[in-house]
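Everything below concerns the one structure shown next.
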Amino acid sequence: MWPFHPELLARAVPRYTSYPTAAEFGASVGGADQLAALRSLPHGTFVSLYVHIPFCRDICWYCGCNTNRANRTDRIVAYLEAVEAEINWLASHLSGRVSLSRISFGGGSPNALDPLSFVRLVSQIVTAFQASTPEISVELDPRTLDAEWAGLLGKIGATRASLGVQTLDAEIQARIGRVQPLEMIRSSVDLLRKSGVTSLNFDLMYGLPGQSEAILMDTLEGALQLAPDRIALFGYAHVPHLIPRQRRIEASELPGLEQRFQQAALGHERLVSAGLQPIGFDHFAQPSDPIAVAAREGRLRRNFQGFTDDQAPALLGIGATAISATPDLIVQNEKNTGRYRMRVLGGQPAAELGVRRSADDQERGLVIEDLLCGRSADLSGLPEDGDCELRLKPFLEAGLCQLENDRLTILPGGLPYSRAIAACFDSYRAQGAGRFSSAV
Ligand code: SF4
């Protein structure tokens with residue numbers, strides 16, 4: 001079992017899906033910078049595309065995503081018109097010069113769209129980017145997944161899917177505003193397997209209201225019986241001051257830090273004992289899944305979608321809130337769907353915020369990514385940094401990591417402290433971290 005050091009988990013830290021994190025994005029960087037970065041991508045660069053669909057049939061109370069109820073067809077049609085305009089804008093600056101290797105649809109719930117609109121969207125992208133056989137992955141809500149939708153995933157060649165499962169406990173489902181019986185999940189899995197999905201992920205959560213270790217274990221057993229290829233086991237982050245919809249969740253029913261820690265530990269132990277390979281600090285995969293192979297071969301990466309085997313050096317985000325990244329620039333699209341639409345239909349770039357990645361950012365970002373993906377990083381490229389050494393000291397003294405010849409390694413007991421250890425190298429986190437969540 002992992003050693004529990006509450007004082008080392010007390011500081012709220014980012015999830016580091018990028019470095020610098022979104023907290024550092026500012027209005028001085030935006031569309032013009034994105035355009036320059038796109039134009040400077042070398043010929044033949046592999047790019048991955050992420051398309052944000054900000055609609056869901058029902059809104060779950062815990063959800064921190066930028067999404068809205070899919071109850072007005074006119075809003076969805078207007079949004080997709082804007083997305084098409086952005087696709088064409090990007091393609092006009094890139095087509096023929098880059099190679100589109102992967103398309104990911106997330107949100108929100110892409111399957112809140114009607115199947116015909118979704119197929120049309122995929123075909124617009126494939127045509128605009130002259131993509132031959134991109135790998136396609138889709139985040140799905142089991143509550144709106146039917147045979148027609150699963151069938152079209154087969155037709156467009158989607159091989160990767162992620163289901164929002166969270167918990168199989170009916171009472172907790174009611175407490176978080178997401179009711180989906182086990183039979184619904186089972187039927188979704190059957191439909192997706194028949195449609196040709198070979199890498200299926202379940203998102204699960206610990207730290208939910210009223211969740212005990214026994215309830216979490218029941219969910220893990222039920223999930224394992226459905227044999228997903230991957231499981232992401234996240235801790236629920238309760239931040240109602242930032243996400244008002246979370247006010248519907250009863251804070252007094254949430255497990256405390258020590259309970260959360262034990263739940264994460266038990267979950268890790270159970271999933272590893274079931275033969276899954278731990279990936280990063282909160283993912284697990286069948287050893288034959290591409291992400292597990294990538295982790296063993298040192299090719300695991302971390303981007304805005306979490307841990308990934310995607311090696312593309314440029315990520316293009318399409319849609320409201322979507323984030324794009326190249327080695328020296330990160331930009332985020334306008335978050336409000338109405339203003340996003342006005343921008344792109346007016347011929348402007350959708351990006352409105354961002355940050356340039358300095359050489360120091362890139363070096364620190366690499367250390368953080370290596371620590372989170374492979375639990376080890378070479379520090380020799382970093383400048384002398386007394387603050388960083390001070391922040392790292394208690395983790396070294398507690399035996400959670402070790403430093404030898406400029407190589408920092410997170411030891412097995414240090415795994416749940418990975419984000420906190422990585423945060424020692426974050427030069428922007430020296431003061432305060434009010435908008436982030438607990439490291440476990
Ligand atoms: S289905 Fe997913 S994206 Fe939609 S509200 Fe629920 S958690 Fe959020």
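All ligand and atom numbering here is 1-based and tracks the order in the structure. Atom set for the values below is all heavy atoms of this structure, side chains included, hydrogens, waters and symmetry mates excluded.
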Task: Ionic contact status for D203 with R230, cut-off 4.0 Å - done: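 No, R230 and D203 are not salt-bridged.
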
Next item on the list: Answer yes or no: is there an ion pair linking D33 with R356, defined by an N-O contact shorter than 4.0 Å?
Entry: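 Judged by the 4.0 Å cut-off on N to carboxylate O distance, D33 and R356 do form a salt bridge.
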
(Q) Tell me if the CZ atom of F46 is crowded by more than 12 foreign heavy atoms within 6.0 Å. (A)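 No, because the 6.0 Å sphere around CZ of F46 holds 12 heavy atoms or fewer from other groups.
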
**Study point:** Other residues, nucleotides, ligands: >12 heavy atoms within 6.0 Å of E171 CD
**Key:**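 No, because the 6.0 Å sphere around CD of E171 holds 12 heavy atoms or fewer from other groups.
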
*asked:* Just to check, does R143 reach to within less than 4.0 Å of ligand 1 when the distance is taken from its heavy atoms?
replied: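 R143: in contact with ligand 1 (<4.0 Å).
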
Do E84 and Q124 meet the criterion of a side-chain donor-acceptor pair at a distance under 3.5 Å?
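Yes, Q124 and E84 have a side-chain donor paired with an acceptor closer than 3.5 Å.
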
Can you check whether L204 reaches F234 side chain to side chain, under 4.5 Å on heavy atoms?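 No, side chains not in contact.
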
Practice item. Check each of R178, Q180, E139 against atom 2 (Fe) of ligand 1 and report the one with the nearest heavy atom. Key: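 Nearest option to atom 2 (Fe) of ligand 1, by heavy atoms: R178.
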
Measure from NZ or CZ of R302 to the centre of the six-membered ring of F307 and say whether it is under 6.0 Å with the direction within 45° of the ring axis.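 Pair R302/F307 counts as cation-pi.
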
Discussion item. For atom 4 (Fe) of ligand 1, which protein N/O/S atoms fall under 2.8 Å? Skip waters.
Written reply: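 C56 SG, with waters left out.
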
Quiz item: For ligand 1, which atoms, with element, lie under 4.0 Å from some heavy atom of Y62?
Solution: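 Those of ligand 1 that fall under 4.0 Å from Y62 are 7 (S).
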
